4 protein chains.
Amino acid sequence: MSPRGGSPMGRVVSGPSATQRERRDAGPATTKGRQRRTEILAAARRVFEERGFVETRVADIVAAAQVAQGTFYTYFDSKDAVFAEVAQSVIDDMLAGLHAPRRPGAGPRQRVRDGLQRFIDAFRPNAVIIGLIEQVGTFTPEMRRLRLALRESFVAMSARGIVRMQTEGHADPDVDPLMTAEVLGAMVDQTCYVWFSLGKEFDATEVLDSLSLVWSRAIGLPEDGETPAGEPGDAAT
Amino acid sequence: MSPRGGSPMGRVVSGPSATQRERRDAGPATTKGRQRRTEILAAARRVFEERGFVETRVADIVAAAQVAQGTFYTYFDSKDAVFAEVAQSVIDDMLAGLHAPRRPGAGPRQRVRDGLQRFIDAFRPNAVIIGLIEQVGTFTPEMRRLRLALRESFVAMSARGIVRMQTEGHADPDVDPLMTAEVLGAMVDQTCYVWFSLGKEFDATEVLDSLSLVWSRAIGLPEDGETPAGEPGDAAT
Amino acid sequence: MSPRGGSPMGRVVSGPSATQRERRDAGPATTKGRQRRTEILAAARRVFEERGFVETRVADIVAAAQVAQGTFYTYFDSKDAVFAEVAQSVIDDMLAGLHAPRRPGAGPRQRVRDGLQRFIDAFRPNAVIIGLIEQVGTFTPEMRRLRLALRESFVAMSARGIVRMQTEGHADPDVDPLMTAEVLGAMVDQTCYVWFSLGKEFDATEVLDSLSLVWSRAIGLPEDGETPAGEPGDAAT
Amino acid sequence: MSPRGGSPMGRVVSGPSATQRERRDAGPATTKGRQRRTEILAAARRVFEERGFVETRVADIVAAAQVAQGTFYTYFDSKDAVFAEVAQSVIDDMLAGLHAPRRPGAGPRQRVRDGLQRFIDAFRPNAVIIGLIEQVGTFTPEMRRLRLALRESFVAMSARGIVRMQTEGHADPDVDPLMTAEVLGAMVDQTCYVWFSLGKEFDATEVLDSLSLVWSRAIGLPEDGETPAGEPGDAAT
DNA sequence: AATGAATGAGCTTTCATTCAT
DNA sequence: GATGAATGAAAGCTCATTCAT
C-alpha cells in the first residue's frame with residue numbers, strides 16, 4: 001500500500017515492482033556496467049574486512065566505491081547479497097588454491113607438508129572474510145551452508161589423500177580416513193583461524209612444523225629416516 | 001561495543017540519572033533483588049541461545065523474565081553487559097570442568113582420553129554460548145579477550161600435561177609442548193564447535209577415538225600394548 | 001540478518017522480534033497510554049484529511065501529535081494500520097448515524113426525506129475520510145471491503161425501508177426493492193461524494209428536494225396530496 | 001503532481017537538458033517516432049489498468065513497451081504526464097460514445113433507456129481508468145478538473161435531454177432539469193463504478209431496468225401504456 | 001533517437017535506553 | 001524497586017528523472 005521504499009512488511013499489493021529485481025538478476029548489459037559492478041564488489045570486500053559485517057553500512061560501501069547510494073542497488077539486492085557474493089568468491093579462491101598440483105617425486109611427509117602449506121597460503125589472504133563468514137553464518141543459513149561446504153570439501157580432499165597414502169603403504173591402514181581427516185582438518189582450520197583471523201602471533205615455520213608432525217604421526221607415516229609403518233620396529237637402528 | 005547505531009538517549013547526550021546508575025553500581029540490596037537479577041540473567045541466556053546475540057532484543061529478555069522493560073536496567077548496564085556476564089559464567093563453568101581431578105592409576109593414553117572427555121563434556125552444554133562469544137568477539141574486543149583467555153587457559157593446561165608426560169618418560173621429549181598443545185587444542189576446540197555448535201552429526205565414540213589417537217600419537221605416546229617411548233625400541237634416545 | 005530496521009525484505013531470521021508487535025496487539029496498559037493512543041489517532045485523522053493518504057507521512061502525524069517518531073510505533077503497526085483504524089471509526093460513526101430512530105407519525109414522503117437527511121448529516125463530517133477510503137480502496141483489499149460493507153449496509157437498510165412501504169401499501173409493490181435500493185443508494189452516495197468530497201457547491205435544500213423527489217417517485221409513492229399508488233388516478237382532483 | 005517525495009534530479013536542482021526538453025516539446029518528428037509514442041502510451045494504459053497509478057513504476061511501463069528507461073522521457077514529461085494523456089483519451093472516448101445519434105421514432109422511455117445503455121457501453125471498457133482518475137484526482141488538481149469536466153458534460157447533456165422532453169410534453173415540467181440531471185447522473189455514474197470498477201456482480205438487464213425506471217419516473221414520464229404526463233389525469237397542471 | 005547506468009532525496013521502521021510515576 | 005511509555009538516531013531501499021554515449 002505504501003508506495004515508498006520504507007514500509008517493509010505488510011505490503012498489500014506488490015513489493016519492489018519486480019522490475020528492479022529483474023534488471024539486477026539480468027546483470028549489467030554494458031562493459032561499463034560490469035566494471036562498476038566489480039568496483040562496488042571490491043569496495044564492499046574492503047569495507048567488510050575493515051569493519052566486519054554488522055558494522056558495515058551500505059553507505060560505507062558506496063562511499064568507498066565513490067558512487068551514489070542508489071547505484072549500489074542497481075547491482076545488488078541488499079547488503080546481505082553483496083556479502084554472499086564476496087563470500088562465494090573467497091570460497092572459490094580457497095578451493096582453487098587447495099587443488100594445486102602435487103609436487104612430483106615428493107615423499108609422503110613432504111606431501112603432507114606441501115598440502116598444509118597450500119592450505120595456509122590459501123587461507124591467509126582470505127582470513128578476514130572467512131572469519132566474517134563464520135560470524136554471519138550464525139544468523140544466516142546460507143552462509144552456514146557455504147562454510148560447511150568449504151569444510152566438507154577440505155575434509156574430503158584430506159581423506160582422499162589419507163586413503164592414497166594407505167594404498168601406497170605409507171600410512172597406517174587402520175586409521176579411519178574420514179574421521180581422522182575430520183579432526184585433522186579441524187586442527188588446521190582452527191589454527192589458521194586463530195593465527196590469521198584472531199591475530200595471534202605465530203612463527204610460520206613452527207606452525208608448519210607442528211601441523212606437519214601431528215598430521216604425519218596421526219596417520220602413521222614413518223618418521224623421517226624410518227621405514228614405512230607396518231614394518232619391524234627397527235626404524236632407528 | 002553495541003553494533004546498533006542509535007545513540008539511544010532522549011536528549012542528545014546525557015547518560016542515566018544519578019540514582020539509576022548508583023543502584024546499578026551498588027548491586028541488589030535485598031535478597032529479592034538478587035533473585036530478580038539471577039532470573040533476568042537466566043532468561044537472557046535462554047534467549048541468547050535461542051536467537052543469537054544480534055537477533056536478541058532486550059524486549060525479548062524482559063518478556064522471558066516476566067519483568068518490565070525498565071527493570072532490566074535496574075540490574076544491568078546494557079545488552080552487551082548481560083551478554084558479557086553470561087559469557088563469563090560459561091567460561092568459568094568450562095574452566096571448572098576442565099580442572100577436574102585426574103583419575104589415579106590411569107596410563108598416559110587413558111589420561112589423554114579422560115582429558116578429552118572432560119573437554120567435550122564441558123563444551124557440550126555451553127556450545128551455543130561459546131559460538132556466540134565467537135560471533136560477538138568479531139565486534140567486541142572484550143569478548144575477543146575472553147575467548148582467547150579460554151583458549152590460552154586450555155592450551156597452557158594441555159602443555160603442562162605434555163610436559164608432565166615428557167618428564168615421566170611417556171611422551172616424546174622432542175616435541176615442543178606449547179606449539180603442539182596449541183595445534184592439538186585447536187583440533188579439539190574446532191571439532192567440538194563443528195559438532196555441537198554447527199550441529200554436524202558425529203558419533204561420540206568415533207570422535208573420542210580419533211581425537212585420542214591423534215593426540216597420543218602426536219606427542220609420541222606408545223601405542224597400546226607397546227612399551228613407552230624411550231624404552232626398549234628406544235627410537236628417540 | 002541485518003539487525004537494523006531498514007532491510008525490509010530478505011530478512012533471514014526473524015522480523016520485528018514479535019515482542020514489539022505483541023505489545024502493540026496488547027494495547028496500552030495504562031490510562032495515559034490509552035490517552036496517547038487516542039491523541040495520535042486524532043492527529044492522524046487530521047493529517048489524513050489535510051493531505052490525503054499518499055501524501056501523509058508518519059512524520060506529519062507525529063509532528064501533529066507532538067510525540068517522537070518512535071512513539072507512533074508504540075501504538076500502531078504502520079501508516080496503513082492507523083488509516084485502517086481511522087477508516088473503521090468513520091464507518092462506525094456513519095452506520096450509527098444512519099440507524100437513528102424514525103420520526104413517529106411521519107408520512108412516507110417525509111420518512112424518505114428524513115432518511116436522506118440522516119444520510120447527508122452522517123456523510124458530511126466524514127466526507128474527506130470517505131473519499132480517502134475510496135482512494136485507498138484502489139490499492140488495498142481491506143479498504144475495499146470496508147467501503148463495500150458500508151454500501152451494502154446502507155443498501156440493505158434502504159431495501160428494508162422500501163419493503164416496509166410496499167407492505168404498508170404506500171410504495172409500488174412491483175419495484176424490485178433490492179435493485180432499486182442499489183441504484184438509489186448509488187445516487188445518494190455519489191451525490192454526497194460530489195458535494196462534500198469533491199467540493200461542488202450545491203444548495204442543501206435543492207439537493208434534498210431532488211433526492212427526495214427522485215426516491216419517492218422511483219418507488220411509486222403518491223405525490224403529496226395524492227392517494228397511494230395502485231388506486232385510481234384521481235390523486236389531484 | 002507526483003506524490004513521490006524524491007526530488008529526482010542528480011544535482012540539487014537543474015531540470016532536463018535543453019535538447020531533451022526541446023525534443024519533447026516538439027513532438028515526434030518521424031513516423032517511426034509517432035509509432036513509438038503510441039506504443040508507450042498503450043503500454044502505459046495496460047500497466048496502469050493492471051497495477052493502478054501509485055503502484056505503477058515507469059520501469060514497468062518501459063518494460064511493457066520494450067524500450068529503454070530513457071526512451072520514455074523522449075516522449076513524455078513524467079509519469080504524471082502519461083497518465084494525464086491516458087486519462088484524456090479515455091474521457092474523449094466516453095464523450096464520443098455518449099453523443100451517439102438518437103434512435104429515430106423511439107418513445108421517451110425508450111430514449112431514456114437508450115441513453116443509459118450508451119453510457120454503460122461507454123463506461124464499461126474504460127472503467128478501470130476511470131477508477132484511477134478518481135484515485136489520482138485525490139492528489140492532482142488537474143485530474144480532479146478532468147473528472148469534474150466529464151461529470152459536467154454528462155450532466156449537461158442529461159439536463160438538455162430533460163428539457164427537451166419537458167418541451168415535448170413528455171416530462172413533468174416542474175422538475176428542475178439541472179438538479180435532477182445532477183442526482184440522476186450521480187446514480188448512473190456510481191452504479192457503473194460499483195459494477196465495473198469495484199466488481200460487484202450485477203445482472204445487466206436488471207440494472208438497465210432499474211436505472212431506466214427510476215430515471216423515467218423521476219422526470220415524470222408516463223408509465224408504459226399510460227398517457228403522457230400533463231394529459232388526462234393531469235396532476236401537475 | 002535510443003540506451004541504460006547513475007543519482008539521491010526521502011520515507012518507514014526498529015530498538016536500546018531513559019525517566020516520570 | 002518496579003513499571004511501561006517515550007525517545008530519536010540510524011539505516012536500508014525505492015524509483016522518478018537525468019545524462020553521457
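What you see is a predicted model; the values in this text were computed from it and never measured. In the text below, chain A, chain B and the rest are named by the order of the sequence lines, each starting its count at 1.
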- Task: Could you say whether C:Asp77 or D:Ala68 is positioned toward the 5' end of DNA chain E, judged by the nucleotide with the nearest heavy atom to each?
- Result: D:Ala68
- Upstream residue (5' side of DNA chain E) when A:Gln66 and B:Gly70 are each assigned their closest nucleotide: A:Gln66
- Message: With side chain to side chain contact (heavy atoms under 4.5 Å, CB included) as the criterion, how do A:Ile61 and A:Thr56 come out once you've worked through the C-alpha distance, each side chain's angles and the decisive distance to 0.1 Å?
- Response: CA-CA 8 Å; A:Ile61 297 175; A:Thr56 291; 3.9 Å; yes
Rounding to a whole Å, what distance do you find between [X]:[atom1] and [N]:[atom2]?
X: C:Lys32; N: F:dT3; atom1: NZ; atom2: P; answer: 19 Å
X: A:Tyr73; N: F:dC15; atom1: OH; atom2: P; answer: 13 Å
X: B:Ile61; N: E:dT17; atom1: CD1; atom2: P; answer: 10 Å
X: A:Arg57; N: E:dG8; atom1: CZ; atom2: P; answer: 22 Å
X: B:Glu55; N: E:dA16; atom1: CD; atom2: C1'; answer: 15 Å
X: C:Arg34; N: F:dG4; atom1: CZ; atom2: P; answer: 12 Å
X: C:Lys79; N: E:dT13; atom1: NZ; atom2: P; answer: 9 Å
X: B:Gln35; N: F:dG1; atom1: CD; atom2: P; answer: 13 Å

- Message: Reading DNA chain F from 5' onward, which residue's closest nucleotide shows up sooner: C:Thr30 or A:Phe72?
- Response: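 Taking each residue's closest nucleotide, the earlier one in sequence belongs to C:Thr30.
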- Residue closer to the 5' end of DNA chain F, C:Gly33 versus A:Thr56 (nearest nucleotide):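 Result: C:Gly33.
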- Contact check, side chains of A:Glu50 and A:Val47, non-hydrogen atoms, under 4.5 Å: no
On a heavy-atom basis, which atom in [X] and which in [Y] lie closest, and how many Å separate them?
X: A:Phe72; Y: A:Ser78; value: CZ-O, 3.7 Å
X: D:Phe53; Y: D:Leu132; value: N-CD2, 3.8 Å
X: D:Glu142; Y: D:Ala84; value: OE2-CB, 4.0 Å

- Applying salt bridge (charged side-chain N to carboxylate O under 4.0 Å, His left out), name anything that partners D:Glu49, two or more places apart in sequence or on another chain.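 Checked D:Glu49 against salt bridge (charged side-chain N to carboxylate O under 4.0 Å, His left out); matches are D:Arg45.
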- Query: So what does A:Tyr75 hit on the nucleic acid, given a heavy-atom distance under 4.0 Å: a base, only sugar-phosphate, or nothing?
  - Reply: sugar-phosphate
- Query: Within the structure shown, what part of the strands sits under 4.0 Å from D:Thr71 by heavy-atom distance: base, sugar-phosphate, or nothing?
  - Reply: base
- Which of these nucleotides, F:dG4, E:dG4, F:dT7, is closest to any side-chain atom of B:Gln69?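 From the listed options, F:dG4 comes nearest.
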- Query: What stems involve DNA chain F, if each pair must be Watson-Crick or G-U and both of its distances must be under 3.5 Å, with 3 or more such pairs in a row?
  - Reply: E:2-21 with F:2-21
- Phosphate-side-chain proximity, A:Arg36 and E:dA6, N/O vs OP1/OP2 below 4.0 Å: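 Yes, because at least one side-chain N or O of A:Arg36 sits under 4.0 Å from OP1 or OP2 of E:dA6.
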- Could B:Lys79 and B:Phe48 be counted as a cation-pi pair, given that NZ or CZ must be under 6.0 Å from the ring centre and within 45° of the axis?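 No, cation not above the ring by the 6.0 Å, 45° rule.
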